[in-house]
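These notes concern the structure reproduced below.
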Amino acid sequence: MAENTISAIGTMFAKDVLSSKLAMAYVTVNNKRYLLFQAKELKASLEKEKKEVPILGRMLKGNKSVSLKGSGTLTIYKNTSLFDDMIEKFMKTGEDTYFDMQIINEDPTSDAGRRTIILTDCNIDKISVANFNADGDWLEDDIDFTFEGVKFAEKFKQLDGMNV
């Protein structure tokens with residue numbers, strides 16, 4: 001009986017896993033768009049803020065979502081001054097720079113297709129101003145940032161096996 005249950009469940013094809021290396025990233029600053037080919041790794045997430053809700057007649061409290069916060073970390077090979085310039089401008093003038101970041105994930109072997117996410121009103125929280133590592137291979141920088149909006153410009157297609 002277990003064999004029939006397992007064979008009745010759809011499974012994903014290995015080809016439909018997207019390669020994380022096949023991505024593109026663009027940064028738009030002051031209406032100028034840059035290909036961010038220095039990018040090595042990006043992790044951007046939305047975190048929900050919740051408030052506890054005591055409920056009469058229940059021992060377990062409820063939770064209600066009340067807001068979101070967007071934040072992330074971008075690791076780049078340090079061969080551009082694009083982000084340094086933003087911090088230097090803020091340091092010298094007090095004028096902060098906001099930018100948009102577009103991330104495209106697409107693996108031509110996957111039936112999932114292409115996904116395009118645009119993080120809007122990104123702002124740097126933390127950046128290295130100098131670094132080196134005698135044991136390291138490459139000069140890299142981790143840039144912590146926040147963002148205030150997300151546009152889901154293109155979404156992955158739903159794979160056939162997901163339909164039940």
Side-chain angles (χ1 to χ4, degrees), residues 12 14-53 61-159:
M12 183 181 70
K15 71 175 188 68
D16 289 327
V17 173
L18 277 84
S19 171
S20 65
K21 294 179 182 184
L22 298 178
M24 293 176 280
Y26 299 89
V27 173
T28 303
V29 185
N30 298 323
N31 295 318
K32 184 164 169 101
R33 190 170 189 219
Y34 301 91
L35 173 61
L36 195 61
F37 61 64
Q38 295 87 349
K40 179 181 175 188
E41 183 176 356
L42 171 81
K43 177 83 176 195
S45 56
L46 289 169
E47 183 177 352
K48 290 167 53 175
E49 178 189 356
K50 295 182 178 184
K51 299 283 184 176
E52 287 186 352
V53 181
K61 292 181 180 180
N63 296 280
K64 178 147 179 100
S65 299
V66 295
S67 68
L68 291 167
K69 179 181 179 182
S71 62
T73 300
L74 171 67
T75 303
I76 63 169
Y77 295 111
K78 188 70 170 190
N79 61 3
T80 178
S81 295
L82 178 66
F83 300 103
D84 295 339
D85 293 345
M86 294 178 198
I87 293 299
E88 184 178 28
K89 178 181 173 185
F90 180 68
M91 186 173 59
K92 289 182 175 180
T93 69
E95 185 180 346
D96 213 350
T97 302
Y98 289 81
F99 57 94
D100 293 345
M101 196 174 337
Q102 179 184 21
I103 299 93
I104 300 168
N105 300 104
E106 183 176 26
D107 183 336
T109 62
S110 175
D111 288 339
R114 173 179 166 131
R115 177 180 68 171
T116 301
I117 303 292
I118 302 168
L119 307 176
T120 61
D121 298 315
C122 298
N123 187 259
I124 295 172
D125 291 339
K126 183 175 142 186
I127 189 171
S128 299
V129 292
N131 58 350
F132 62 80
N133 182 342
D135 286 330
D137 291 326
W138 327 114
L139 192 57
E140 297 180 1
D141 195 6
D142 292 325
I143 301 168
D144 295 333
F145 64 96
T146 56
F147 57 94
E148 296 180 15
V150 180
K151 295 178 185 172
F152 296 90
E154 291 179 284
K155 297 180 180 183
F156 289 129
K157 297 174 193 165
Q158 185 168 313
L159 298 170

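If you're wondering where the values come from, they're calculated on a predicted model, not measured in any experiment.
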The complete set of side-chain hydrogen bond (donor to acceptor under 3.5 Å, both in side chains) pairs with one or both residues in residues 21-33, sequence neighbours excluded, reads R33-Q102
Between F147 and S71 the two heavy atoms that sit nearest each other are CE2-N, 3.2 Å
| said: Just checking K15: does its NZ atom have more than 12 heavy atoms from other residues, nucleotides or ligands closer to it than 6.0 angstrom? | reply: yes
On a heavy-atom basis, the closest approach of L46 and G70 is CD2-CA, 3.8 Å
Checklist entry - Can you find a heavy atom in the side chain of N105 that is under 4.5 Å from one in the side chain of S20? => result no
Review point. How about V150 and L119: do any of their side-chain heavy atoms sit closer than 4.5 Å?
Key: yes
Residues M101 and I103: closest non-hydrogen pair is O-CD1, 3.8 Å
For S110 and D16, the nearest pair of non-hydrogen atoms, with its separation, is OG-O, 3.0 Å
Do E49 and L68 have side chains that approach each other closer than 4.5 Å (heavy atoms only, starting at C-beta)? no
Worksheet item: With side chains defined as the heavy atoms from C-beta onward, is the minimum distance between K40 and E140 less than 4.5 Å?
Response: yes
### Message
Whether E154 and R114 form a salt bridge (side-chain N of Lys/Arg under 4.0 Å from carboxylate O of Asp/Glu) is what I want to check.
### Response
yes
d(F156 CZ, D107 CG) to nearest 0.5 Å is 9.0 Å
Here the salt bridge (Lys or Arg N to Asp or Glu O under 4.0 Å) pairs for residues 67-87, sequence neighbours left out, are K78-D84, K78-D141
Rounded to the nearest 0.5 angstrom, the CD1-CG distance for I118 and D100 is 7.5 Å
Separation between CZ (F83) and CD1 (I124), nearest 0.5 Å, reads 6.0 Å
Between the CD1 atom in I127 and the CZ atom in F90, the distance rounded to the nearest 0.5 Å is 13.5 Å
*Taking side chain as C-beta onward, heavy atoms only, is V66 less than 4.5 Å from K50?*
no
**Prompt:** Considering only heavy atoms from C-beta outward, does the side chain of I117 approach that of R115 to under 4.5 Å?
**Reply:** yes
Flag for D142-T73: side-chain donor and acceptor within less than 3.5 Å: no
Legend entry - pair T120-K151: side-chain heavy atoms closer than 4.5 Å: yes
Rounding to 0.5 Å, atoms CG (L74) and CZ (F145) come to a distance of 6.0 Å
Rounded to the nearest 0.5 Å, the CD1 atom of I87 sits from the OG atom of S81 at a distance of 12.5 Å
